[in-house]
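Below, all heavy atoms of this structure are taken into account, side chains as well, without hydrogens, waters or symmetry copies.
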Amino acid sequence: SVRILVLPARVASELFRHFRRDLAERLVDEQLQKLRIGVNFGAGAVDVEHLRAVLLEEIEHGVFAPSKGLVAVDDEIRRIARETTRGLEDPLEKARALYRYVLGHMSYDTSGKGWGRGDTVYACKVGKGNCTDFHSLFIALALAEGIPARFQMGYPLPEAAEGPVLKPYHCWAEFHVAGRGWIPVDISEAWKQPAKADYYFGNLDPNRVLVSTGREIRIPGRSGPALNYMIRPYAETDGKPFYGVEFERRYKNIKGGEKT
């Protein structure tokens with residue numbers, strides 16, 4: 001049965017998303033070779049080469065083509081990504097060009113409505129918002145070019161040695177290049193600090209605390225829809241979201257040998 005390809009296909013999908021296309025193809029080929037050796041399809045029952053092509057196409061489509069929540073990879077996003085990266089082959093240089101596009105297209109502006117949700121259609125059309133909007137647009141553009149990219153949500157720590165965390169959240173993005181791994185970008189901070197625009201392509205300030213990775217986050221046992229992103233504790237009462245949870249975030253620099 002071709003069902004034995006289900007698990008490898010999921011693994012290959014993760015390779016497409018997180019690591020390398022060639023490794024995903026190799027995994028699929030290994031599984032197809034096992035099919036050739038261990039399964040008698042019967043004369044003309046299955047065209048294995050056709051199966052390979054269909055399987056790889058479905059895996060790639062599942063990783064790069066569809067929208068995921070508010071991170072929409074639509075025709076306009078594909079057009080912008082294609083035009084911005086025209087003539088470039090190196091994924092790192094493509095990502096740099098997309099970074100520069102978002103930096104020039106967006107303004108850090110939290111006036112009005114619609115900002116802060118990481119809505120790529122809004123960001124693309126309006127050209128303003130906060131860190132969620134900057135980086136959702138970058139992620140969508142990267143995915144449109146076949147570059148794996150992911151959303152990172154956390155917060156920065158103040159410069160004092162200890163105290164409360166004052167800023168509610170901050171987000172950034174990462175993209176993956178074979179042989180280099182995950183590379184961070186912080187385009188909204190680059191907009192605020194133009195002199196550090198080159199720095200924030202590939203680097204982050206050291207005071208970051210990562211809380212969650214990704215969008216459309218599903219929590220085990222949760223009955224409601226997926227979370228757009230996650231930065232604070234989540235609770236439900238009677239199967240419905242409960243937003244009255246109060247919490248405080250504090251930090252302290254720990255010296256060598258000191259106990260907490």
**OP:** Work out which heavy atom in Cys124 is nearest to a heavy atom in Ile80; give both atom names and the distance.
**Re:** SG-CD1, 3.4 Å
Original post:
Any side-chain heavy-atom pair from Asp133 and Lys128 closer than 4.5 angstrom?
Top reply: no
Original post:
What distance separates Thr84 OG1 from Arg100 CZ, expressed to the nearest 0.5 Å?
Top reply: 13.5 Å
**OP:** Mind checking ring-ring contact (aromatic ring centres under 6.0 Å, His included) for His105 and listing every partner two or more places apart, or none if nothing turns up?
**Re:** Tyr101
Original post:
Listed by chain and number, what are the salt bridge (charged side-chain N to carboxylate O under 4.0 Å, His left out) partners of Arg208, not counting sequence neighbours?
Top reply: Asp186, Asp205
**OP:** Assign the ring pair Tyr99 / Phe201 to parallel, tilted or perpendicular, where the plane angle (0 to 90°) is split at 30° and 60°.
**Re:** perpendicular
Original post:
Should the pair Trp191 and Phe134 be assigned to parallel (<30°), tilted (30 to 60°) or perpendicular (>60°) ring geometry?
Top reply: perpendicular
Subject >> Minimum-distance pair of heavy atoms, taken over all atoms of Val245 and Ala235 >> reply: CG2-CB, 3.7 Å
**OP:** Could you tell me whether the side chain of Leu70 reaches within less than 4.5 Å of the side chain of Thr120, counting heavy atoms only?
**Re:** no
Original post:
With a 4.5 Å limit on heavy-atom distance, are the side chains of Pro91 and Phe175 in contact?
Top reply: no
Original post:
Does the side chain of Glu76 come within less than 4.5 Å of Val121's, by heavy atoms?
Top reply: no
Original post:
Linking I/L/V/M/F/W/Y whenever any side-chain heavy atoms sit under 4.5 Å apart, do Tyr122 and Val73 land together?
Top reply: no
Original post:
Would Leu92 end up clustered with Leu88 when hydrophobic side chains under 4.5 Å apart are linked, directly or stepwise?
Top reply: no
Subject >> Heavy-atom closest pair, residues Met106 and Ala123 >> reply: SD-O, 3.5 Å
Original post:
Can you find a heavy atom in the side chain of Tyr200 that is under 4.5 Å from one in the side chain of Gln193?
Top reply: yes
**OP:** Let me see the working for His170 and Met153 under side chain to side chain contact (heavy atoms under 4.5 Å, CB included), right down to the final yes or no.
**Re:** CA-CA 6 Å; His170 182 61; Met153 177 62 82; over 6 Å; no
Subject >> Single-linkage hydrophobic cluster, 4.5 Å side-chain cutoff, Val211 and Tyr169 together >> reply: yes
Original post:
Side chains of Tyr108 and Asn130: does their closest heavy-atom pair fall under 4.5 Å?
Top reply: yes
Subject >> Path from Leu210 to Ile139 over hydrophobic side-chain contacts below 4.5 Å >> reply: no
**OP:** Check whether NZ of the Lys or CZ of the Arg Arg249 lies under 6.0 Å from the centre of the six-membered ring of Tyr155 and within 45 degrees of that ring's axis.
**Re:** yes
Original post:
Does Met230 share a hydrophobic cluster with Phe242, counting links as ILVMFWY side-chain heavy atoms below 4.5 Å and allowing steps through other members?
Top reply: no
Original post:
Is the closest side-chain heavy-atom distance between His176 and Trp182 below 4.5 Å?
Top reply: yes
Original post:
Step by step, would you call Lys196 with Glu189 a side chain to side chain contact (heavy atoms under 4.5 Å, CB included)?
Top reply: CA-CA 8 Å; Lys196 296 183 68 175; Glu189 283 301 303; over 6 Å; no
**OP:** Give, for atom CD1 of Ile183 and atom CG of Asn203, the distance between the pair rounded to the nearest 0.5 Å.
**Re:** 10.0 Å
**OP:** Any chance you could measure Leu157, atom CG, to Asn253, atom CG, to the nearest 0.5 Å?
**Re:** 8.0 Å
**OP:** Starting from the C-alpha separation in whole Å, work towards a yes-or-no answer on salt bridge (charged side-chain N to carboxylate O under 4.0 Å, His left out) for Arg79 and Asp74.
**Re:** CA-CA 9 Å; Arg79 180 192 67 79; Asp74 58 13; over 6 Å; no
Original post:
Would you find more than 12 non-hydrogen atoms of other residues, nucleotides or ligands less than 6.0 Å from Glu246 atom CD?
Top reply: no
Original post:
If you count the non-hydrogen atoms of other residues, nucleotides and ligands that lie under 6.0 Å from NZ in Lys125, is the total more than 12?
Top reply: no
Subject >> From CG (Asp119) to OG1 (Thr132), nearest 0.5 Å >> reply: 9.5 Å
Original post:
For the side chain of Asn207 and the backbone of Pro156, is there at least one donor-acceptor N/O pair under 3.5 Å apart?
Top reply: no
Subject >> Shortest non-hydrogen contact between Val209 and Trp172, atoms and distance >> reply: O-CH2, 4.0 Å
**OP:** Mind checking the CD-NZ spacing from Glu89 to Lys94? Nearest 0.5 Å is all I need.
**Re:** 6.0 Å
**OP:** Search all heavy atoms of Glu248 against all heavy atoms of Pro164 and return the closest pair with its distance.
**Re:** OE2-CB, 4.4 Å
Original post:
Counting only N and O atoms by type, is there a donor-acceptor contact under 3.5 Å from the side chain of Arg215 to the main-chain atoms of Ser136?
Top reply: no
Subject >> Heavy-atom side-chain contact between Val126 and Trp115 under 4.5 Å >> reply: no
Subject >> Over 12 foreign heavy atoms within 6.0 Å of NZ, Lys167 >> reply: yes
**OP:** Could you tell me which non-hydrogen atom of Val185 sits nearest to which non-hydrogen atom of Gly202, and how far apart they are?
**Re:** CG1-N, 4.4 Å
